[in-house]
Amino acid sequence: MTTLLMIIGFGAATSVVVGLGQKLKLPWPALMVLIGIAGAFIPTFAEVAIDPELVLPLFLPPLLFAAAQKTSWALFAIRWRTILGMSVALVGVTVAAVAGSAVFLIPGITIAAAIALGAMLAPPDPVAVEAVASTVSIPRRIMSTLQSEGLFNDAASLVIFQTAMAAVLAGTEVDYADLAVSFVVSAVVAIIVGLVLSFAAWWVMEKIDHTIARSSLMLVLPFGVYLVAEHFHASGVIAVVVAALEVRRRDVEGNSAERVTQNSTWQVLEMLITGIAFGLIGLDLRLIVESEHADLGRALLVGALIALIVVAVRFVWLLLGTVIERKRRGEDPDAAPLSVRDATLMTWGGMRGLATVALALSIPATTSSGAPFPGRSYVVVAAAVVLLLTLVLAGLSFPTVVALLGIDDEAEKEHQATRDIALRAYKAAMREIKNDDSLPDDVIEPLRARFKVLHDQLSGTTDDQASSEQAMAFKEHREQMLAVQKKAMQSARAEVLKARRERGTDPEIADRVLHRFDLQSVITR
(Lines give C-alpha, C1' and ligand atoms only; values in the text may rest on other atoms or scores of the structure.)
Protein backbone atom coordinates (compact mmCIF):
# COMPACT_ATOMS: atom_id res chain seq x y z
CA MET A 1 0.00 0.00 0.00
CA THR A 2 2.87 2.38 0.79
CA THR A 3 4.38 1.86 -2.66
CA LEU A 4 1.00 2.57 -4.27
CA LEU A 5 0.61 5.77 -2.25
CA MET A 6 4.10 6.86 -3.26
CA ILE A 7 3.40 6.28 -6.96
CA ILE A 8 0.10 8.17 -6.74
CA GLY A 9 1.85 10.96 -4.86
CA PHE A 10 4.60 11.28 -7.46
CA GLY A 11 1.98 11.18 -10.23
CA ALA A 12 0.01 14.02 -8.64
CA ALA A 13 3.21 15.96 -7.97
CA THR A 14 4.14 15.63 -11.65
CA SER A 15 1.02 17.50 -12.74
CA VAL A 16 1.84 20.36 -10.38
CA VAL A 17 5.58 20.43 -11.09
CA VAL A 18 5.12 20.54 -14.88
CA GLY A 19 3.05 23.72 -14.53
CA LEU A 20 5.47 25.13 -11.96
CA GLY A 21 8.46 24.41 -14.16
CA GLN A 22 6.77 26.16 -17.09
CA LYS A 23 6.16 29.28 -15.00
CA LEU A 24 9.67 29.31 -13.50
CA LYS A 25 11.24 28.29 -16.83
CA LEU A 26 13.01 25.40 -15.12
CA PRO A 27 13.19 21.76 -16.30
CA TRP A 28 10.51 19.91 -14.36
CA PRO A 29 12.29 16.49 -14.32
CA ALA A 30 15.09 18.03 -12.24
CA LEU A 31 12.45 19.46 -9.89
CA MET A 32 10.90 15.99 -9.57
CA VAL A 33 14.30 14.62 -8.51
CA LEU A 34 14.45 17.23 -5.75
CA ILE A 35 10.92 16.26 -4.65
CA GLY A 36 12.04 12.62 -4.55
CA ILE A 37 15.03 13.54 -2.39
CA ALA A 38 12.70 15.43 -0.02
CA GLY A 39 10.32 12.45 -0.03
CA ALA A 40 13.12 10.24 1.27
CA PHE A 41 12.95 12.17 4.55
CA ILE A 42 9.34 11.07 5.05
CA PRO A 43 9.54 7.94 7.23
CA THR A 44 6.85 6.10 5.29
CA PHE A 45 8.49 6.72 1.90
CA ALA A 46 11.98 6.02 3.25
CA GLU A 47 10.92 2.42 3.88
CA VAL A 48 9.82 1.84 0.28
CA ALA A 49 12.11 -0.46 -1.68
CA ILE A 50 11.41 -1.18 -5.35
CA ASP A 51 13.13 -4.21 -6.84
CA PRO A 52 15.94 -2.84 -9.09
CA GLU A 53 15.18 -5.57 -11.63
CA LEU A 54 11.75 -3.99 -12.17
CA VAL A 55 12.94 -0.41 -12.71
CA LEU A 56 14.11 -0.78 -16.31
CA PRO A 57 11.29 -3.10 -17.54
CA LEU A 58 8.61 -0.84 -16.00
CA PHE A 59 9.84 2.59 -17.04
CA LEU A 60 12.25 2.23 -19.97
CA PRO A 61 10.08 0.50 -22.64
CA PRO A 62 7.20 3.03 -22.85
CA LEU A 63 9.53 6.04 -22.62
CA LEU A 64 11.90 4.67 -25.26
CA PHE A 65 8.97 3.75 -27.51
CA ALA A 66 7.50 7.25 -27.29
CA ALA A 67 10.89 8.89 -27.92
CA ALA A 68 11.75 6.61 -30.85
CA GLN A 69 8.50 7.41 -32.65
CA LYS A 70 9.65 11.02 -32.90
CA THR A 71 12.47 10.02 -35.24
CA SER A 72 12.65 7.86 -38.38
CA TRP A 73 14.68 5.31 -40.31
CA ALA A 74 15.49 8.04 -42.86
CA LEU A 75 17.11 10.18 -40.16
CA PHE A 76 19.13 7.20 -38.94
CA ALA A 77 20.27 6.51 -42.50
CA ILE A 78 21.76 10.00 -42.69
CA ARG A 79 23.26 10.20 -39.20
CA TRP A 80 24.33 6.61 -38.61
CA ARG A 81 27.99 7.61 -38.22
CA THR A 82 27.20 10.20 -35.54
CA ILE A 83 24.77 7.88 -33.76
CA LEU A 84 27.16 4.93 -33.85
CA GLY A 85 30.01 7.13 -32.68
CA MET A 86 28.08 8.46 -29.69
CA SER A 87 26.01 5.39 -28.82
CA VAL A 88 28.80 2.81 -29.03
CA ALA A 89 32.24 4.39 -29.45
CA LEU A 90 31.72 7.18 -26.88
CA VAL A 91 30.25 4.66 -24.43
CA GLY A 92 33.34 2.48 -24.86
CA VAL A 93 35.73 5.40 -24.39
CA THR A 94 33.83 6.59 -21.31
CA VAL A 95 33.89 3.09 -19.80
CA ALA A 96 37.63 2.88 -20.38
CA ALA A 97 38.30 6.32 -18.89
CA VAL A 98 36.13 5.70 -15.81
CA ALA A 99 37.52 2.21 -15.28
CA GLY A 100 41.12 3.43 -15.48
CA SER A 101 40.39 6.27 -13.06
CA ALA A 102 38.49 4.00 -10.67
CA VAL A 103 41.38 1.51 -10.45
CA PHE A 104 43.64 4.40 -9.45
CA LEU A 105 41.19 6.18 -7.08
CA ILE A 106 39.18 3.39 -5.40
CA PRO A 107 41.00 1.13 -2.90
CA GLY A 108 40.65 -2.59 -3.55
CA ILE A 109 38.51 -2.36 -6.70
CA THR A 110 39.14 -4.94 -9.42
CA ILE A 111 39.35 -4.18 -13.14
CA ALA A 112 36.04 -5.99 -13.75
CA ALA A 113 34.28 -3.95 -11.03
CA ALA A 114 35.80 -0.75 -12.42
CA ILE A 115 34.47 -1.63 -15.88
CA ALA A 116 31.02 -2.25 -14.37
CA LEU A 117 31.18 1.24 -12.81
CA GLY A 118 32.14 2.74 -16.17
CA ALA A 119 29.25 0.99 -17.92
CA MET A 120 26.89 2.23 -15.21
CA LEU A 121 27.91 5.87 -15.71
CA ALA A 122 28.44 5.92 -19.48
CA PRO A 123 24.93 6.25 -21.01
CA PRO A 124 23.07 9.59 -20.98
CA ASP A 125 19.34 9.16 -20.46
CA PRO A 126 17.23 9.99 -23.57
CA VAL A 127 14.19 10.67 -21.40
CA ALA A 128 16.06 13.14 -19.18
CA VAL A 129 17.63 14.88 -22.17
CA GLU A 130 14.34 15.32 -24.00
CA ALA A 131 12.34 16.36 -20.94
CA VAL A 132 14.92 18.96 -19.90
CA ALA A 133 15.79 20.25 -23.36
CA SER A 134 12.12 20.68 -24.28
CA THR A 135 11.88 23.54 -21.76
CA VAL A 136 14.13 25.77 -23.90
CA SER A 137 14.62 26.53 -27.59
CA ILE A 138 17.64 24.74 -29.03
CA PRO A 139 18.41 23.80 -32.64
CA ARG A 140 16.47 20.76 -33.82
CA ARG A 141 19.64 19.20 -35.26
CA ILE A 142 21.18 19.14 -31.75
CA MET A 143 17.99 17.89 -30.12
CA SER A 144 17.52 15.08 -32.66
CA THR A 145 21.17 14.02 -32.25
CA LEU A 146 20.82 13.86 -28.46
CA GLN A 147 17.57 11.89 -28.83
CA SER A 148 19.11 9.45 -31.32
CA GLU A 149 22.19 8.92 -29.17
CA GLY A 150 20.07 8.15 -26.13
CA LEU A 151 17.99 5.54 -27.93
CA PHE A 152 20.91 3.13 -28.36
CA ASN A 153 23.61 3.89 -25.80
CA ASP A 154 21.80 1.98 -23.04
CA ALA A 155 22.17 -1.18 -25.13
CA ALA A 156 25.97 -0.95 -25.30
CA SER A 157 26.23 -0.04 -21.62
CA LEU A 158 23.97 -2.86 -20.42
CA VAL A 159 25.90 -5.51 -22.36
CA ILE A 160 29.22 -4.24 -20.94
CA PHE A 161 27.76 -4.04 -17.42
CA GLN A 162 26.31 -7.54 -17.50
CA THR A 163 29.57 -9.02 -18.81
CA ALA A 164 31.64 -7.17 -16.22
CA MET A 165 29.30 -8.11 -13.36
CA ALA A 166 29.43 -11.77 -14.34
CA ALA A 167 33.23 -11.60 -14.11
CA VAL A 168 33.11 -9.81 -10.72
CA LEU A 169 30.71 -12.31 -9.21
CA ALA A 170 32.72 -15.25 -10.54
CA GLY A 171 36.02 -13.73 -9.44
CA THR A 172 37.50 -13.72 -12.96
CA GLU A 173 38.55 -11.02 -15.43
CA VAL A 174 36.47 -9.66 -18.32
CA ASP A 175 36.76 -11.59 -21.58
CA TYR A 176 36.86 -8.74 -24.14
CA ALA A 177 36.40 -11.01 -27.14
CA ASP A 178 33.33 -12.53 -25.51
CA LEU A 179 32.10 -9.01 -24.74
CA ALA A 180 32.29 -7.96 -28.41
CA VAL A 181 30.56 -11.13 -29.60
CA SER A 182 27.84 -10.74 -26.96
CA PHE A 183 27.12 -7.18 -28.07
CA VAL A 184 26.85 -8.09 -31.74
CA VAL A 185 24.66 -11.14 -31.08
CA SER A 186 22.50 -9.17 -28.65
CA ALA A 187 21.97 -6.40 -31.19
CA VAL A 188 21.16 -8.73 -34.09
CA VAL A 189 18.66 -10.79 -32.09
CA ALA A 190 17.07 -7.59 -30.75
CA ILE A 191 16.60 -6.21 -34.26
CA ILE A 192 14.92 -9.44 -35.34
CA VAL A 193 12.63 -9.42 -32.29
CA GLY A 194 11.70 -5.77 -32.86
CA LEU A 195 10.89 -6.32 -36.55
CA VAL A 196 8.94 -9.54 -36.01
CA LEU A 197 6.81 -8.26 -33.13
CA SER A 198 6.08 -4.93 -34.82
CA PHE A 199 4.94 -6.82 -37.92
CA ALA A 200 2.80 -9.11 -35.77
CA ALA A 201 1.27 -6.10 -34.00
CA TRP A 202 0.32 -4.49 -37.31
CA TRP A 203 -1.11 -7.77 -38.60
CA VAL A 204 -3.34 -8.03 -35.52
CA MET A 205 -4.34 -4.36 -35.75
CA GLU A 206 -5.52 -4.85 -39.33
CA LYS A 207 -7.98 -7.46 -38.00
CA ILE A 208 -9.32 -5.13 -35.29
CA ASP A 209 -11.81 -2.45 -36.25
CA HIS A 210 -11.90 -0.64 -32.90
CA THR A 211 -9.94 2.55 -32.21
CA ILE A 212 -9.54 2.05 -28.44
CA ALA A 213 -8.55 -1.61 -28.83
CA ARG A 214 -5.92 -0.78 -31.45
CA SER A 215 -4.55 2.02 -29.28
CA SER A 216 -4.41 -0.35 -26.30
CA LEU A 217 -2.32 -2.78 -28.30
CA MET A 218 0.17 0.00 -29.03
CA LEU A 219 0.45 0.69 -25.29
CA VAL A 220 1.39 -2.88 -24.36
CA LEU A 221 3.64 -3.45 -27.39
CA PRO A 222 6.83 -1.86 -25.95
CA PHE A 223 6.58 -3.92 -22.75
CA GLY A 224 6.07 -7.13 -24.73
CA VAL A 225 8.95 -6.39 -27.10
CA TYR A 226 11.31 -5.58 -24.22
CA LEU A 227 10.46 -8.73 -22.24
CA VAL A 228 10.67 -11.05 -25.26
CA ALA A 229 14.07 -9.63 -26.23
CA GLU A 230 15.38 -10.00 -22.67
CA HIS A 231 14.06 -13.58 -22.58
CA PHE A 232 16.31 -14.40 -25.56
CA HIS A 233 19.24 -12.59 -23.86
CA ALA A 234 19.07 -9.80 -26.43
CA SER A 235 18.96 -6.05 -25.93
CA GLY A 236 15.46 -5.00 -24.93
CA VAL A 237 16.47 -1.38 -25.58
CA ILE A 238 17.35 -1.97 -29.24
CA ALA A 239 14.29 -4.18 -29.75
CA VAL A 240 11.91 -1.48 -28.46
CA VAL A 241 13.55 1.24 -30.56
CA VAL A 242 13.41 -0.91 -33.71
CA ALA A 243 9.75 -1.78 -33.05
CA ALA A 244 8.86 1.89 -32.55
CA LEU A 245 10.63 2.96 -35.75
CA GLU A 246 8.99 0.17 -37.72
CA VAL A 247 5.52 0.93 -36.34
CA ARG A 248 5.98 4.57 -37.34
CA ARG A 249 7.24 3.57 -40.80
CA ARG A 250 4.16 1.42 -41.39
CA ASP A 251 1.83 4.27 -40.48
CA VAL A 252 -0.62 4.96 -43.31
CA GLU A 253 -3.22 7.59 -43.99
CA GLY A 254 -5.85 5.45 -42.17
CA ASN A 255 -7.98 6.52 -39.26
CA SER A 256 -7.38 10.06 -38.02
CA ALA A 257 -9.36 9.48 -34.82
CA GLU A 258 -7.03 6.60 -33.90
CA ARG A 259 -3.92 8.70 -34.33
CA VAL A 260 -5.37 11.59 -32.35
CA THR A 261 -6.33 9.15 -29.55
CA GLN A 262 -2.89 7.51 -29.51
CA ASN A 263 -1.08 10.85 -29.59
CA SER A 264 -3.04 12.22 -26.62
CA THR A 265 -2.71 8.96 -24.67
CA TRP A 266 1.05 8.75 -25.19
CA GLN A 267 1.55 12.37 -24.15
CA VAL A 268 -0.26 11.85 -20.84
CA LEU A 269 1.39 8.45 -20.20
CA GLU A 270 4.86 9.73 -21.07
CA MET A 271 4.53 12.70 -18.72
CA LEU A 272 3.28 10.62 -15.78
CA ILE A 273 5.84 7.83 -16.19
CA THR A 274 8.66 10.35 -16.57
CA GLY A 275 7.56 12.20 -13.43
CA ILE A 276 7.25 9.03 -11.35
CA ALA A 277 10.59 7.73 -12.62
CA PHE A 278 12.47 10.91 -11.73
CA GLY A 279 10.74 11.06 -8.37
CA LEU A 280 12.06 7.56 -7.68
CA ILE A 281 15.53 8.63 -8.80
CA GLY A 282 15.50 11.35 -6.15
CA LEU A 283 14.18 8.92 -3.55
CA ASP A 284 16.89 6.39 -4.35
CA LEU A 285 19.72 8.96 -4.42
CA ARG A 286 19.46 9.67 -0.70
CA LEU A 287 18.99 6.00 0.14
CA ILE A 288 22.07 5.04 -1.92
CA VAL A 289 24.28 7.58 -0.15
CA GLU A 290 22.90 6.83 3.32
CA SER A 291 23.48 3.10 2.90
CA GLU A 292 27.21 3.64 2.56
CA HIS A 293 28.66 4.87 5.85
CA ALA A 294 32.26 3.77 5.34
CA ASP A 295 34.45 6.81 4.60
CA LEU A 296 31.59 8.73 2.98
CA GLY A 297 33.60 11.94 2.65
CA ARG A 298 36.35 10.27 0.62
CA ALA A 299 33.75 8.42 -1.44
CA LEU A 300 32.02 11.70 -2.30
CA LEU A 301 35.34 13.23 -3.37
CA VAL A 302 36.13 10.22 -5.56
CA GLY A 303 32.63 10.43 -7.02
CA ALA A 304 33.12 14.12 -7.87
CA LEU A 305 36.44 13.38 -9.61
CA ILE A 306 34.88 10.55 -11.63
CA ALA A 307 31.94 12.81 -12.55
CA LEU A 308 34.38 15.43 -13.89
CA ILE A 309 36.14 12.72 -15.91
CA VAL A 310 32.81 11.60 -17.40
CA VAL A 311 31.97 15.19 -18.44
CA ALA A 312 35.49 15.91 -19.74
CA VAL A 313 35.57 12.76 -21.90
CA ARG A 314 32.24 13.70 -23.46
CA PHE A 315 33.34 17.27 -24.14
CA VAL A 316 36.65 16.24 -25.77
CA TRP A 317 34.86 13.61 -27.87
CA LEU A 318 32.34 16.16 -29.11
CA LEU A 319 35.08 18.68 -29.88
CA LEU A 320 36.72 16.05 -32.08
CA GLY A 321 33.31 15.46 -33.60
CA THR A 322 33.07 19.10 -34.68
CA VAL A 323 36.17 18.67 -36.86
CA ILE A 324 34.80 15.49 -38.45
CA GLU A 325 31.33 16.91 -39.05
CA ARG A 326 32.68 20.06 -40.68
CA LYS A 327 34.60 17.94 -43.19
CA ARG A 328 31.58 15.84 -44.14
CA ARG A 329 28.93 18.53 -43.74
CA GLY A 330 28.03 18.21 -47.41
CA GLU A 331 26.44 14.82 -46.66
CA ASP A 332 24.31 16.22 -43.83
CA PRO A 333 24.04 20.03 -43.69
CA ASP A 334 22.18 19.73 -40.37
CA ALA A 335 24.83 17.61 -38.63
CA ALA A 336 25.72 18.21 -34.99
CA PRO A 337 27.99 19.25 -33.40
CA LEU A 338 29.43 21.90 -35.73
CA SER A 339 31.01 24.33 -33.25
CA VAL A 340 32.44 24.63 -29.75
CA ARG A 341 29.07 26.04 -28.64
CA ASP A 342 27.31 22.94 -29.97
CA ALA A 343 29.81 20.69 -28.19
CA THR A 344 29.34 22.60 -24.93
CA LEU A 345 25.55 22.38 -25.11
CA MET A 346 25.60 18.68 -25.98
CA THR A 347 28.02 18.03 -23.12
CA TRP A 348 25.64 19.78 -20.73
CA GLY A 349 22.84 17.66 -22.21
CA GLY A 350 24.59 14.38 -21.32
CA MET A 351 22.35 13.75 -18.32
CA ARG A 352 22.34 10.36 -16.59
CA GLY A 353 19.10 8.86 -15.34
CA LEU A 354 17.10 5.64 -15.15
CA ALA A 355 19.74 3.17 -16.34
CA THR A 356 22.38 4.51 -13.95
CA VAL A 357 20.01 4.31 -10.97
CA ALA A 358 18.78 0.82 -11.82
CA LEU A 359 22.30 -0.55 -12.30
CA ALA A 360 23.60 1.09 -9.11
CA LEU A 361 20.78 -0.44 -7.08
CA SER A 362 21.40 -3.87 -8.62
CA ILE A 363 24.96 -4.20 -7.30
CA PRO A 364 25.02 -6.97 -4.66
CA ALA A 365 26.78 -6.67 -1.33
CA THR A 366 28.85 -9.83 -1.91
CA THR A 367 30.20 -11.92 -4.79
CA SER A 368 29.30 -15.55 -5.46
CA SER A 369 32.05 -16.69 -3.08
CA GLY A 370 30.64 -14.58 -0.26
CA ALA A 371 33.45 -12.03 -0.40
CA PRO A 372 32.48 -8.32 -0.23
CA PHE A 373 31.84 -6.70 -3.61
CA PRO A 374 35.13 -4.87 -4.38
CA GLY A 375 34.83 -1.13 -3.80
CA ARG A 376 31.01 -1.24 -3.52
CA SER A 377 30.73 1.83 -1.25
CA TYR A 378 32.72 3.96 -3.66
CA VAL A 379 30.89 2.60 -6.69
CA VAL A 380 27.37 3.39 -5.51
CA VAL A 381 28.33 6.80 -4.10
CA ALA A 382 30.07 7.67 -7.37
CA ALA A 383 26.86 6.79 -9.23
CA ALA A 384 24.86 9.08 -6.91
CA VAL A 385 27.28 11.99 -7.35
CA VAL A 386 27.31 11.65 -11.13
CA LEU A 387 23.50 11.67 -11.13
CA LEU A 388 23.38 14.79 -8.96
CA LEU A 389 25.89 16.69 -11.10
CA THR A 390 24.76 15.61 -14.57
CA LEU A 391 21.01 15.49 -13.93
CA VAL A 392 20.03 17.87 -11.14
CA LEU A 393 22.79 20.50 -11.43
CA ALA A 394 23.00 20.34 -15.23
CA GLY A 395 19.22 20.16 -15.57
CA LEU A 396 18.51 23.20 -13.40
CA SER A 397 21.25 25.23 -15.09
CA PHE A 398 20.42 24.10 -18.64
CA PRO A 399 18.26 27.16 -19.53
CA THR A 400 21.01 29.47 -18.21
CA VAL A 401 23.69 27.68 -20.24
CA VAL A 402 21.57 27.97 -23.40
CA ALA A 403 21.13 31.70 -22.79
CA LEU A 404 24.84 32.26 -22.08
CA LEU A 405 25.89 30.38 -25.20
CA GLY A 406 23.50 32.48 -27.28
CA ILE A 407 22.57 29.52 -29.43
CA ASP A 408 20.12 30.42 -32.19
CA ASP A 409 17.06 28.21 -32.16
CA GLU A 410 17.01 28.26 -35.98
CA ALA A 411 13.27 28.93 -35.83
CA GLU A 412 13.00 30.37 -39.34
CA LYS A 413 14.56 27.27 -40.86
CA GLU A 414 12.08 25.04 -39.02
CA HIS A 415 9.17 27.27 -40.07
CA GLN A 416 10.27 26.99 -43.68
CA ALA A 417 10.40 23.20 -43.40
CA THR A 418 6.86 23.25 -41.98
CA ARG A 419 5.67 25.47 -44.83
CA ASP A 420 7.24 23.15 -47.42
CA ILE A 421 5.50 20.05 -46.04
CA ALA A 422 2.21 21.93 -45.61
CA LEU A 423 2.40 23.04 -49.27
CA ARG A 424 2.97 19.46 -50.42
CA ALA A 425 -0.05 18.32 -48.41
CA TYR A 426 -2.17 21.16 -49.83
CA LYS A 427 -1.22 20.31 -53.41
CA ALA A 428 -2.03 16.63 -52.83
CA ALA A 429 -5.49 17.58 -51.49
CA MET A 430 -6.10 19.89 -54.47
CA ARG A 431 -5.18 17.13 -56.94
CA GLU A 432 -7.75 14.86 -55.28
CA ILE A 433 -10.46 17.51 -55.53
CA LYS A 434 -9.57 18.40 -59.13
CA ASN A 435 -9.72 14.75 -60.20
CA ASP A 436 -13.36 14.46 -59.10
CA ASP A 437 -15.22 15.50 -62.29
CA SER A 438 -18.64 15.17 -60.64
CA LEU A 439 -18.15 18.21 -58.41
CA PRO A 440 -19.82 21.49 -59.46
CA ASP A 441 -17.91 24.74 -59.14
CA ASP A 442 -19.99 25.90 -56.16
CA VAL A 443 -18.68 22.86 -54.25
CA ILE A 444 -15.08 22.96 -55.50
CA GLU A 445 -14.46 26.57 -54.51
CA PRO A 446 -15.51 26.21 -50.82
CA LEU A 447 -13.40 23.04 -50.58
CA ARG A 448 -10.43 24.76 -52.14
CA ALA A 449 -10.88 27.66 -49.71
CA ARG A 450 -11.13 25.26 -46.75
CA PHE A 451 -7.84 23.55 -47.55
CA LYS A 452 -6.22 26.90 -48.31
CA VAL A 453 -7.13 28.06 -44.80
CA LEU A 454 -5.67 24.88 -43.29
CA HIS A 455 -2.51 25.39 -45.34
CA ASP A 456 -2.28 28.99 -44.13
CA GLN A 457 -2.75 27.90 -40.51
CA LEU A 458 0.16 25.48 -40.83
CA SER A 459 2.26 28.13 -42.58
CA GLY A 460 1.45 30.81 -40.02
CA THR A 461 -0.47 33.06 -42.44
CA THR A 462 -4.08 32.44 -41.38
CA ASP A 463 -6.77 34.61 -42.95
CA ASP A 464 -9.60 34.70 -40.39
CA GLN A 465 -12.03 36.35 -42.82
CA ALA A 466 -11.47 33.67 -45.46
CA SER A 467 -11.94 31.02 -42.79
CA SER A 468 -15.34 32.50 -41.88
CA GLU A 469 -16.47 32.75 -45.51
CA GLN A 470 -15.56 29.17 -46.42
CA ALA A 471 -17.30 27.92 -43.26
CA MET A 472 -20.56 29.51 -44.43
CA ALA A 473 -20.20 28.00 -47.91
CA PHE A 474 -19.45 24.60 -46.39
CA LYS A 475 -22.86 24.46 -44.70
CA GLU A 476 -24.70 24.66 -48.04
CA HIS A 477 -23.18 21.45 -49.48
CA ARG A 478 -22.15 19.64 -46.31
CA GLU A 479 -22.74 15.99 -47.28
CA GLN A 480 -21.15 16.18 -50.71
CA MET A 481 -18.21 18.22 -49.46
CA LEU A 482 -17.57 15.91 -46.51
CA ALA A 483 -17.19 12.92 -48.83
CA VAL A 484 -14.71 14.71 -51.07
CA GLN A 485 -12.92 16.29 -48.12
CA LYS A 486 -12.29 12.84 -46.61
CA LYS A 487 -10.52 11.71 -49.79
CA ALA A 488 -8.58 14.96 -50.00
CA MET A 489 -7.50 14.68 -46.35
CA GLN A 490 -6.29 11.12 -46.93
CA SER A 491 -4.24 12.29 -49.92
CA ALA A 492 -2.80 15.16 -47.88
CA ARG A 493 -1.85 12.86 -44.98
CA ALA A 494 -0.33 10.33 -47.37
CA GLU A 495 1.87 13.08 -48.81
CA VAL A 496 2.99 14.16 -45.34
CA LEU A 497 3.85 10.55 -44.43
CA LYS A 498 5.78 10.24 -47.67
CA ALA A 499 7.72 13.41 -46.81
CA ARG A 500 8.41 12.06 -43.31
CA ARG A 501 10.17 9.00 -44.73
CA GLU A 502 12.44 11.02 -47.00
CA ARG A 503 16.08 11.65 -46.19
CA GLY A 504 16.70 15.00 -44.60
CA THR A 505 13.14 15.53 -43.30
CA ASP A 506 12.79 16.34 -39.61
CA PRO A 507 10.25 13.73 -38.39
CA GLU A 508 8.88 16.00 -35.66
CA ILE A 509 8.06 18.77 -38.14
CA ALA A 510 6.22 16.28 -40.35
CA ASP A 511 4.39 14.93 -37.29
CA ARG A 512 3.17 18.42 -36.36
CA VAL A 513 1.71 18.92 -39.84
CA LEU A 514 0.20 15.43 -39.81
CA HIS A 515 -1.36 15.98 -36.38
CA ARG A 516 -3.04 19.17 -37.61
CA PHE A 517 -4.62 17.29 -40.53
CA ASP A 518 -5.74 14.51 -38.18
CA LEU A 519 -7.37 17.00 -35.83
CA GLN A 520 -9.10 18.73 -38.73
CA SER A 521 -10.45 15.39 -39.97
CA VAL A 522 -11.84 14.49 -36.54
CA ILE A 523 -13.39 17.94 -35.99
CA THR A 524 -15.17 18.03 -39.34
CA ARG A 525 -16.45 14.46 -39.41
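These numbers were taken from a predicted model, which means no experiment stands behind them.
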So with a 6.0 Å cut-off around CZ of F232, is the heavy-atom count from everything else above 12? no
Margin query: Are there over 12 heavy-atom neighbours, none belonging to I111, within less than 6.0 Å of that residue's CD1?
Written below: no
If I take atom [atom1] from residue [X] and atom [atom2] from residue [Y], how far apart are they, to the nearest 0.5 angstrom?
{"X": "L217", "Y": "M205", "atom1": "CG", "atom2": "CE", "value": "6.0 Å"}
{"X": "D178", "Y": "T163", "atom1": "CG", "atom2": "OG1", "value": "6.0 Å"}
{"X": "L301", "Y": "Y378", "atom1": "CG", "atom2": "OH", "value": "9.5 Å"}

key: Check: R352 side chain, L387 main-chain N or O, donor-acceptor pair, under 3.5 Å   = no
*asked:* For the backbone of A190 and the side chain of S235, can you confirm whether one donor and one acceptor N or O come within less than 3.5 Å of each other?
replied: no
State, without any angle test, whether T94 and W317 hold a side-chain donor-acceptor pair at a distance under 3.5 Å. no
Which heavy atom of [X] sits nearest a heavy atom of [Y], and at what distance?
{"X": "P374", "Y": "I109", "answer": "O-CG1, 3.9 Å"}
{"X": "E246", "Y": "S198", "answer": "CG-OG, 3.3 Å"}
{"X": "G395", "Y": "M351", "answer": "CA-CE, 4.1 Å"}
{"X": "I363", "Y": "F161", "answer": "CG1-CZ, 4.5 Å"}
{"X": "V98", "Y": "I306", "answer": "CG1-CG2, 4.0 Å"}

